[in-house]
Amino acid sequence: SEMLRVVFALVFLGAIISLLAFIIDTTASNLFEVTLYLTGLGGAAESWWKHLLGFVVFHNFLVVLGVIITAHVSPISAGSGIPETKAILAGFEVPEFLTLRTLFAKSTGVILMIGSGMPVGKEGPFIHAAAIVGHQAMALSRHVFPQEHNSPRAGGGSLRGEKHDERRHAMLSAAAAVGVSSAFGAPIGGVLFCVEAASQIYFVAHYWGAFVAAAAGAFVARILHENEYTVFTPSFEKTPYERWELLAFAVLSIVCGLLGGVYVRMFSCIHSMKMWAKIRVMAADEGDRGTFDGLLKNCLYRFINNKYSWSIFVATLCALTTFGIGDYMRLGMREALDDLFSDDELSEGDSRHGIKWGNDHESVLVNLCWFTMVTSFTSVLAIGLPVSNGLVTPCFVIGACLGRLVGETLEYISYEVVPGGYAIVGAAAFATAVTGKLSIGIVVSELTSQLSYSIPVLGAVLIGKAFGEMVSIPIYDQMAKDKHLPHWPEVPPGMLSSSTASYVEHVATLDGGMTMAAVRDLLNDNTDTEFPVVSSSNAETSAFIGSTTRVGIETIVEISEAQGDQQTPLSKYLHNGQLPISYSAPRIPVLSTLNQLCTMFALYHAKRVYVTNSNTLVGIVNSEVLHERLSGVGIAIGAAPSVAGRVHGGTGFEDRMSITLDGPAENSSTGTEMVGTGNGEKALASQEML
């Protein structure tokens, strides 16, 4: 019955998120139709200056309205939301990120941004909105199944609450997968993208739940969208490319990979410019502003630093470039992709949306160049605005335009190629270079309902990722770095072999031989919220059993005092189960390295890790103390996670996980030893990590 209940919850979650995504998508599309009407696109534009004025004003109105709603309702809703979701799935707390206020601001912001025609996407906001729905669903379940939420880590007295933590992580992971699936219409690629983007360590036990929710969401989306579920439907032959074109695809992927890295660098530079302006404004307030030059600079710094003036500048720039270059510039991101992916001739005016990209091949090539440069510059400005937005869709557009440019050039030289196929390969390579996610290849294949270019696309994502990381780190990592989101770092090579023993602290323990009066004294002398439980007070024969909460201990102490048995040993309450024990408390051998210690914190997201020697408790390592000591050597790892906000899954580790034991190590679940080979073979330090 519990399994059926979980499946029902996942199906319901997928359906609700798909319905929400459909409402957001439909509203944004209708609003974009209003924007197109003001531009005169598709109709008579006799008074072009009136259309231009109306478009610029309406464009600014929508963007500024989105910024105002974001700033006053929920400032945390600004941006993509994927880096914050990754931090939450890693067990860290991001205040106000999963509230209903944030859901309103996130949904409204992305509707206004897409409806205005700004070059942004919706995949990040959909993931964020889906995570909020999943979190609120779990909060609602507290009232439906209150017996499962009395976690000792949250101050309760039932270990069944641990199941809630695991279920919460599974629910958030599934919700994020449905968000990607709803954004792209790609359930399989959506799940894989979520695994890559939202967590560095993924629990395979939660994988099936994500697929169940994504499948349910895809089914509901198919019903809601009727025949429009698949976004793009180009019709290519079974193998529409020659073998020599694989070399052209490789060169295109290299170019897209390098330019994708440059794109991330541009985003980072713009953010640095805004931070620099903020610092200069603060310095100017204390300095001399009497000169005209100083006053002018201060005004410029304030203009860049102010969210409203900067948003108006970016919106006006996007509107002018969109309106002034050509009709093809006024296509939305989805409509532009539809044209670029199609096998139609762009110069004949019979593209999917009836827009001419040029009168001949030469003009098409020129316009594609303009489109690529303008969209790259405006989108990198737009995704940095303090309002809800996504970045994968504009990356698809830029990459598709680069690929189409290569395909049209080869066709102009008289090679028989399919330019739309090059657009698909370019989109996959560029988006992978920017995001660093290989699952983009699966998403692109599902987006286009085409497997004809599966081999070039898979090769493109590998090449694009490799060359993109030569220039810059993935953009989501850059965003997390800019926002100072909490995460556990990579340990510098010089500290990898540092011993855990140097970080161990003494901790007050409970043993079965203690009387209840001694337990009361221990509570009075300590303010800890969690205590380790050992088998006896003899350090040589004592075995570490697990941990318990202060609330649970206080409960049994009050019971013993009410019954007048303060000399009763604690073992009585251990044997009859009145004192709840967490037997899966995170533990690590005393000879483990610093790298293994950080890995344990990243896996369990605990505030403390217990250090043992042959199953005998040595002490604890506190995450806050470790944070201070690592910060002292220049490693920034963000805020320490709280016990109440800890979940089982995900991590903020940035790139590599290396867990190597060269000696005996303990199994944290059973107390048995696992012996390493001593020659560098990798072994796992606990059953939970395996």
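Position 1 is the first residue of the sequence, and the numbers go up from there. For the numbers below, each heavy atom of this structure counts, side chains included, while hydrogens, waters and symmetry mates do not.
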Donor-acceptor contacts under 3.5 Å from residues 244-251 side chains, at least two apart:
| residue | atom | partner | partner atom | Å |
| --- | --- | --- | --- | --- |
| Glu245 | OE1 | Tyr422 | OH | 2.7 |
| Glu245 | OE2 | Glu242 | N | 2.8 |

Shortest non-hydrogen separation from [X] to [Y] and the atoms involved:
X	Y	value
Ser388	Thr70	N-OG1, 4.3 Å
His128	Ser77	CE1-CA, 4.3 Å
Ala176	Ala130	N-CB, 4.4 Å
Pro125	Val110	CG-CG2, 3.8 Å
Ala433	Gly468	CB-CA, 4.1 Å
Val461	Leu438	O-CD2, 3.7 Å

Measure the spacing between [atom1] of [X] and [atom2] of [Y] and express it to the nearest 0.5 Å.
X	Y	atom1	atom2	value
Asp477	Asp482	CG	CG	11.0 Å
Leu337	Thr393	CG	OG1	7.0 Å
Ile111	Leu62	CD1	CG	11.5 Å
Ser107	Ile132	OG	CD1	7.5 Å
Ile463	Cys256	CD1	SG	10.5 Å
Leu192	Glu446	CG	CD	8.5 Å

Student check: side-chain heavy atoms of [X] and [Y] closer than 4.5 Å:
X	Y	value
Phe97	Thr85	yes
Phe430	Val434	yes
Phe267	Leu381	no
Thr435	Pro474	no
Ile475	Ile383	yes
Pro75	Pro386	no
Met118	His59	yes
Leu410	Val406	yes

Does [X] use its side chain to pair, donor to acceptor, with the backbone of [Y] at less than 3.5 Å?
X	Y	result
Arg404	Leu340	yes
Lys106	Ser80	yes
Glu408	Leu365	no
Ser268	Val264	no
Ser18	Gly217	yes
Thr316	Phe313	no
Glu123	Leu391	yes
Thr375	Thr372	no
Lys274	Trp310	no
Ser445	Gly441	yes

Looking at Ile398, Leu402, Val397, Leu259, which hits side chain to side chain contact (heavy atoms under 4.5 Å, CB included) with Ser376?
Ile398
Report the C-alpha separation of Leu258 and Ile254 in whole Å, then their side-chain angles, then the decisive distance to 0.1 Å, and conclude whether the side chain to side chain contact (heavy atoms under 4.5 Å, CB included) test is met.
CA-CA 6 Å; Leu258 295 174; Ile254 293 174; 4.2 Å; yes
Other residues, nucleotides and ligands only: do more than 12 of their heavy atoms fall within 6.0 Å of CZ on Phe377?
no
Report, as yes or no, whether the 6.0 Å neighbourhood of atom NZ on Lys307 holds more than 12 heavy atoms from other residues, nucleotides or ligands.
no
Carefully, step by step, assess Leu112 and Val67 under the rule side chain to side chain contact (heavy atoms under 4.5 Å, CB included).
CA-CA 10 Å; Leu112 293 172; Val67 174; over 6 Å; no
Listing request: all side chain to side chain donor-acceptor pair (under 3.5 Å) pairs with a residue in residues 253-266, at least two apart in sequence or in separate chains.
Tyr263-Ser379
Between Leu405 and Cys369, does the side chain to side chain contact (heavy atoms under 4.5 Å, CB included) criterion hold? Intermediate values first, please.
CA-CA 7 Å; Leu405 180 61; Cys369 289; 3.7 Å; yes
Side chain to side chain contact (heavy atoms under 4.5 Å, CB included) between Ile440 and Phe396: does it pass, once the steps are laid out?
CA-CA 10 Å; Ile440 289 291; Phe396 277 156; 3.7 Å; yes
Would you call Arg334-Asp339 a salt bridge at under 4.0 Å N-O?
no
